[in-house]
Amino acid sequence: MLIVGELINSSRKPIKAAIDAQDTEEIQKIAKDQHDHGADFIDVNAGTFVGKESEYMQWLIKTVQESVSSPCCIDSPDPKVVETALSVHQGTPMVNSISLEKARYEALLPVIAGTDIKVIALCMSDKGMPETKDDRVAIAEDLINSLVKNNVPIENIYVDPLVQPISTNDSYGMEFMDAIEAIMTGFPGVHTICGLSNISYGLPERKLINQAFVVMAIAKKLDSAIINPLDKRMMANIIAAETLAGKDEYCSNYLTAYREERLKL
Ligand code: THG
């Protein structure tokens with residue numbers, strides 16, 4: 001599974017404080033920790049800084065890239081912020097995210113088309129957030145078809161069906177699961193991803209909910225996730241679930257993880 005480390009997000013208090021203080025060391029420590037625990041990409045989000053989001057996003061990217069080899073996942077709904085972020089990023093990033101919202105789609109498409117950037121296609125439209133599996137799959141289909149038509153290789157598209165808190169509607173868990181299954185079955189070569197920790201928002205013992213949710217999603221063929229890679233049980237669950245889902249020939253990843261003591265909690 002492709003892992004995107006979620007921790008460098010200004011909605012988290014310690015990150016907001018580190019950005020305010022321009023604390024390079026603190027950001028680099030969190031980037032390195034996530035990298036060392038298996039993050040393939042480091043999500044960077046400065047969304048709480050209205051008016052300064054571009055400036056702080058550029059600072060975050062430079063700061064992260066001085067300390068780790070993992071590329072960034074540039075997390076902003078604002079195409080302008082994404083564009084200025086891309087101008088300082090070295091190597092091939094992931095863009096988080098394009099959606100079917102008209103203004104966002106039209107501004108971001110020319111930035112991505114014809115490049116080897118990986119792009120998260122978030123299932124949102126001008127009609128708002130999807131409720132059901134069918135809402136999610138309809139948006140995914142439009143996004144995949146139009147991105148592919150515009151020279152974005154299907155292998156570079158990571159569809160995010162949008163995880164909403166299970167505390168707000170008890171159907172959100174399974175509507176999401178069924179969407180993952182339909183998208184992975186219907187569009188061979190595409191990837192799926194999600195902001196997994198959204199599911200537990202508003203509940204106690206959030207980690208437990210996240211850890212159970214990831215196993216269910218892997219059974220439906222989710223192949224990437226934005227998570228906290230410092231959560232050992234989460235990472236161990238991912239390894240075990242992928243082995244059980246038939247994605248680990250001879251159980252060799254599982255056995256390597258055991259030898260490296262990554263399965264010890
Ligand atoms: N889809 C896409 N991008 C996203 C989201 C998504 N980016 C933002 C968000 N949703 C995913 N990132 C986070 C980051 C932090 C948390 C939740 C989602 C969070 N963290 C806990 C905290 O800070 O206390 C810690 C959780 C833990 O320890 O496990 O809540 O949906 N494309």
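Heavy atoms only: backbone and side chains are in, while hydrogens, waters and symmetry mates are out. Atoms within each ligand, like the ligands themselves, are counted from 1 in listed order.
Considering backbone and side-chain N/O atoms, Asp160 comes within less than 3.5 Å of an N/O atom of ligand 1. In terms of polar-atom proximity, Asp231 is not counted as a contact of ligand 1, lacking any N or O under 3.5 Å from an N or O of the ligand.
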Test side-chain contact (heavy atoms from CB on, under 4.5 Å) applied to Met57 and Val44, step by step: CA-CA 7 Å; Met57 178 65 95; Val44 284; 3.7 Å; yes
Apply the test side-chain contact (heavy atoms from CB on, under 4.5 Å) to residues Ile209 and Glu205: give CA-CA distance (whole Å), side-chain angles for both, the deciding distance (0.1 Å), then the verdict. CA-CA 7 Å; Ile209 297 287; Glu205 299 294 351; over 6 Å; no
side-chain hydrogen bond (donor to acceptor under 3.5 Å, both in side chains) evaluation trace for Asp78 with Ser76: CA-CA 5 Å; Asp78 183 343; Ser76 171; 5.5 Å; no
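In terms of protein heavy atoms, atom 27 (C) of ligand 1 is closest to Asn228 ND2, 3.7 Å. The nearest heavy-atom contact from the protein to atom 9 (C) of ligand 1 is Asn198 OD1, 3.9 Å. For atom 3 (N) of ligand 1, the closest non-hydrogen atom on the protein side is Asn96 ND2, 3.0 Å. For atom 7 (N) of ligand 1, the nearest protein heavy atom (residue, atom name, distance) is Asp75 OD2, 2.8 Å.
Distance remark: protein heavy atom not present below 4.0 angstrom from atom 24 (O) of ligand 1.
Asn45 does not count as a contact of ligand 1, since none of its heavy atoms falls under 4.0 Å from the ligand.
Atom CD1 of Ile239 and atom OH of Tyr258 lie 14.0 Å apart (nearest 0.5 Å).
Those atoms of ligand 1 with a heavy atom of Ser197 less than 4.0 angstrom away are 17 (C). Here is the list of ligand 1 atoms found below 4.0 Å of a heavy atom in Ile226: 2 (C), 3 (N), 32 (N).
The closest side-chain heavy-atom distance from Phe213 to Met177 is below 4.5 Å.
Among Gly47, Gly5, Gly195, the residue whose heavy atom sits closest to atom 6 (C) of ligand 1 is Gly195. Of the listed options Arg206, Glu6, Met94, Glu6 places a heavy atom closest to atom 26 (C) of ligand 1.
Between the side chains of Asn9 and Ser11, at least one donor N or O lies within less than 3.5 Å of an accepting N or O. Of the N and O atoms on the side chains of Asp231 and Asn210, not one donor lies less than 3.5 Å from an acceptor on the other residue. Under the 3.5 Å distance criterion, with hydrogens and angles disregarded, no donor-acceptor pair is assigned to the side chains of Thr256 and Arg262.
Using a 30° and 60° split on the angle between ring planes, Tyr158 and His191 fall in the parallel class, below 30°.
Counting heavy atoms under 4.0 Å from ligand 1, residue Lys207 touches it through the side chain alone. At a 4.0 Å heavy-atom cut-off, ligand 1 touches Arg12 through the side chain alone.
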